[in-house]
Amino acid sequence: MSKKEELQIYIDGKYYLKSEAKVSVYDHGFLYGDGVFEGIRVYDGVVFKLKEHVQRIYASAHAMMLKIPMTQEEMVQAVVETVKKNNLKDSYVRLIVTRGVGDLGLDPRKCSLPSVIIIADHIVLHDGEAKTKGITTMVSWVRRNPVDGSSHEIKSLNYLNSIMAKIEANMSGVDEAICLTPNGCVAEGVGENIFMVKNGKISTPPTSTGALEGITSNAVMELAKKLGYEVVVENLTMFMLFNADELFFTGSAAEIVPIRMVNWRQINNGAAGTITKKLMAEFRKLTRDPTQGTAVYS
Ligand code: PXG
């Protein structure tokens, strides 16, 4: 790829070519996973739920006492500008704020200024067949941490237990992993929230299991309520998943993906369920509704 065609990455107010965009090895995001991030989709030139993602990164940063050196409005503008600069329409934005450059001690007071990085690129999570046929899943031996500093309620740069769970799924030839809380309740996927349908009722685990409050899952819950379904936030067990009528994951990257197998037990008849398919169709419409996001091109 010629330099002219290369993507440009935003780092602290300046743009760098993708091949030249770098952070310091003394950045505490790199040294200690000390930072926060968001993954956001752009549909037809509209950044879906951008304000919600920006609010969430500020909430994560607040929990870590990391002061983002710009206002939320400035961050919205910076994301819009980065997508525009790269002339992208359907794409994926990774927003990262690190504690910044410090020295080799973990004390955050060593870092004088947090870094803001915005990458506008593409992401492919599951192949095209996943959406129609559904994916296979398994619970790995790696449990979510107790709800403490490394809880996934904070969207921090520390994703080690999700990565370990994903490795387990990869090694087992299964598409995706499901993560359990320390006491064995279902929390979420490695980068997705999980939903169950049973007798027409839609359930998802509470964020107090240490799951992230998903922007997609909130949107899907609202859609489901509008369609007249009963939606409940409740603890789910593996037994409940094995015997579900329908299961699906939600996430900015994953969108809505049906689950057809959990730890080698087929879910219902193994095909994407009716309510799942209905929600997928409605969610697709929502993502193409310009009022649901921030327009890049006016
Ligand atoms: N749980 C966790 C732990 C996540 O990281 C979700 C749930 C879904 O949340 P949203 O708000 O996206 O509906 C996430 C989101 C990636 C990637 O690179 C991961 C996420 C989002 C985008 C990209 O794999 N995780």
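In what follows, every heavy atom counts, from backbone to side chain, and hydrogens, waters and symmetry copies are set aside. Residue numbers run from 1 in the order of the sequence given. Nothing here was measured: the structure is a model prediction, and the numbers come from that model.
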Below 4.0 angstrom, N of the basic side chain to O of the carboxylate: do E246 and K198 qualify?
no
Scanning both residues in full, the closest heavy-atom pair of I11 with I117 reads CG2-CG1, 4.1 Å
With a 4.5 Å cut-off on side-chain heavy atoms, are S112 and V101 touching?
no
Cationic N near anionic O, under 4.0 Å, E234 to K201
yes
Take I215 and I40 through the side chain to side chain contact (heavy atoms under 4.5 Å, CB included) test and state the conclusion after the steps.
CA-CA 10 Å; I215 288 167; I40 315 167; over 6 Å; no
Tell me if the OH atom of Y15 is crowded by more than 12 foreign heavy atoms within 6.0 Å.
yes
At what distance, to the nearest 0.5 angstrom, does CD of Q292 lie from CG of L50?
13.0 Å
Could you check if a side-chain atom of H53 sits within less than 4.5 angstrom of a side-chain atom of L95, using non-hydrogen atoms only?
no
Grab the two heavy atoms, one from A211 and one from E153, that are nearest each other, plus how far apart they are.
O-CG, 3.6 Å
Please report the interatomic distance CD1(I256) to OG1(T276), rounded to the nearest 0.5 Å.
8.0 Å
Under the 3.5 angstrom rule, does the side chain of N193 hit a backbone N or O of T204 as a donor-acceptor pair?
no
Closest non-hydrogen atom pair, P290 against R288:
CD-O, 3.3 Å
Within-4.5 Å side-chain heavy-atom neighbours: I202 and E230
no
Here the gap from L279 atom CG to R284 atom CZ, rounded to the nearest 0.5 Å, amounts to 15.5 Å
Less than 4.5 Å apart, side chain to side chain, heavy atoms only: is that true for N235 and P206?
yes
CE-CG distance between M196 and N243, expressed to the nearest 0.5 angstrom
9.5 Å
Does a sphere of radius 6.0 Å around CD in E213 hold more than 12 heavy atoms from other residues, nucleotides or ligands, not counting ones at 6.0 Å or beyond?
no
In sequence, state the C-alpha distance, the side-chain angles, and the governing distance for I9 and I118, and then conclude on side chain to side chain contact (heavy atoms under 4.5 Å, CB included).
CA-CA 6 Å; I9 316 292; I118 305 169; over 6 Å; no
With a 6.0 Å cut-off on ring centres, are F283 and F48 close enough?
yes
Give a yes-or-no answer on whether the side chains of E192 and T250 include a donor-acceptor pair shorter than 3.5 Å.
no
Side chain to side chain contact (heavy atoms under 4.5 Å, CB included) for L247 and V197? Distances and angles first, verdict last.
CA-CA 6 Å; L247 292 176; V197 180; over 6 Å; no
Side-chain polar contacts of residues 156-163 - donor-acceptor pairs under 3.5 angstrom, sequence neighbours left out - could you list them?
residue: S156; atom: OG; partner: N158; partner atom: N; Å: 3.0
residue: N158; atom: OD1; partner: L160; partner atom: N; Å: 3.3
residue: Y159; atom: OH; partner: K155; partner atom: NZ; Å: 3.3
residue: N161; atom: OD1; partner: R144; partner atom: NH1; Å: 2.9
residue: N161; atom: OD1; partner: H152; partner atom: NE2; Å: 3.4
residue: S162; atom: OG; partner: R144; partner atom: NH1; Å: 3.4
residue: S162; atom: OG; partner: R144; partner atom: NH2; Å: 3.4
residue: S162; atom: OG; partner: H152; partner atom: NE2; Å: 3.4
residue: S162; atom: OG; partner: V190; partner atom: O; Å: 2.8

Measure the spacing between CG of L236 and CD1 of I194 and express it to the nearest 0.5 Å.
7.5 Å
Which heavy atom in K18 sits nearest to a heavy atom in E6, and how many Å separate them?
N-OE2, 3.2 Å
Applying the 4.5 Å side-chain criterion to the ILVMFWY set and letting contacts propagate, would F249 and M240 be lumped into a single cluster?
yes
When every non-hydrogen atom of V142 is compared with those of A165, the smallest separation belongs to CG2-N, 4.2 Å
Residues pairing under salt bridge (charged side-chain N to carboxylate O under 4.0 Å, His left out) where one sits in residues 159-186, two or more places apart or in two chains, turn out to be K166-E176
Test log, rule side chain to side chain contact (heavy atoms under 4.5 Å, CB included), inputs S91 and D121
CA-CA 6 Å; S91 53; D121 203 331; over 6 Å; no
Under the 3.5 angstrom rule, does the side chain of N86 hit a backbone N or O of T82 as a donor-acceptor pair?
yes
So do the side chains of I178 and M138 get within less than 4.5 Å of each other, counting heavy atoms only?
no
Compare all side-chain heavy atoms of S203 with those of F195 and state whether any distance is below 4.5 angstrom.
no
Show me the pairs that pass side-chain hydrogen bond (donor to acceptor under 3.5 Å, both in side chains) and involve residues 54-64, at least two apart or across chains.
E38-R56
N/O donor to acceptor pairs below 3.5 angstrom from side-chain atoms of residues 258-275, sequence neighbours left out:
residue: R260; atom: NE; partner: G134; partner atom: O; Å: 3.2
residue: N263; atom: OD1; partner: V139; partner atom: N; Å: 2.7
residue: R265; atom: NH1; partner: N263; partner atom: O; Å: 3.0
residue: Q266; atom: NE2; partner: N268; partner atom: O; Å: 3.0
residue: Q266; atom: NE2; partner: N269; partner atom: O; Å: 3.4
residue: N268; atom: ND2; partner: D245; partner atom: O; Å: 3.1
residue: N269; atom: OD1; partner: A271; partner atom: N; Å: 3.1

Please report the shortest heavy-atom distance between T209 and A187, naming the atom on each side.
OG1-CA, 3.8 Å
Report the residues that fulfil salt bridge (Lys or Arg N to Asp or Glu O under 4.0 Å) with K285, sequence neighbours left out, ordered by chain and then residue number.
E282
Distance-only side-chain donor-acceptor flag, E73 / Q77, under 3.5 Å
yes
Before accepting this row, confirm whether a basic side-chain N of the pair R41/D90 lies closer than 4.0 Å to the acidic partner's carboxylate O.
no
Any side-chain heavy-atom pair from V42 and V93 closer than 4.5 angstrom?
yes
So do V116 and M75 actually touch side chain to side chain, heavy atoms under 4.5 Å?
yes
Does atom OH (Y297) have a neighbourhood of more than 12 heavy atoms from anything else shown, all under 6.0 Å?
yes
To the nearest 0.5 Å, what is the distance between OH (Y32) and CG (D27)?
11.5 Å
Hphob cluster co-occupancy, V54 + I119, side-chain heavy atoms under 4.5 angstrom
no
Salt bridge (charged side-chain N to carboxylate O under 4.0 Å, His left out) partners of residues 92-109, not counting sequence neighbours, each pair once:
D34-R99, D103-K110, D107-R109
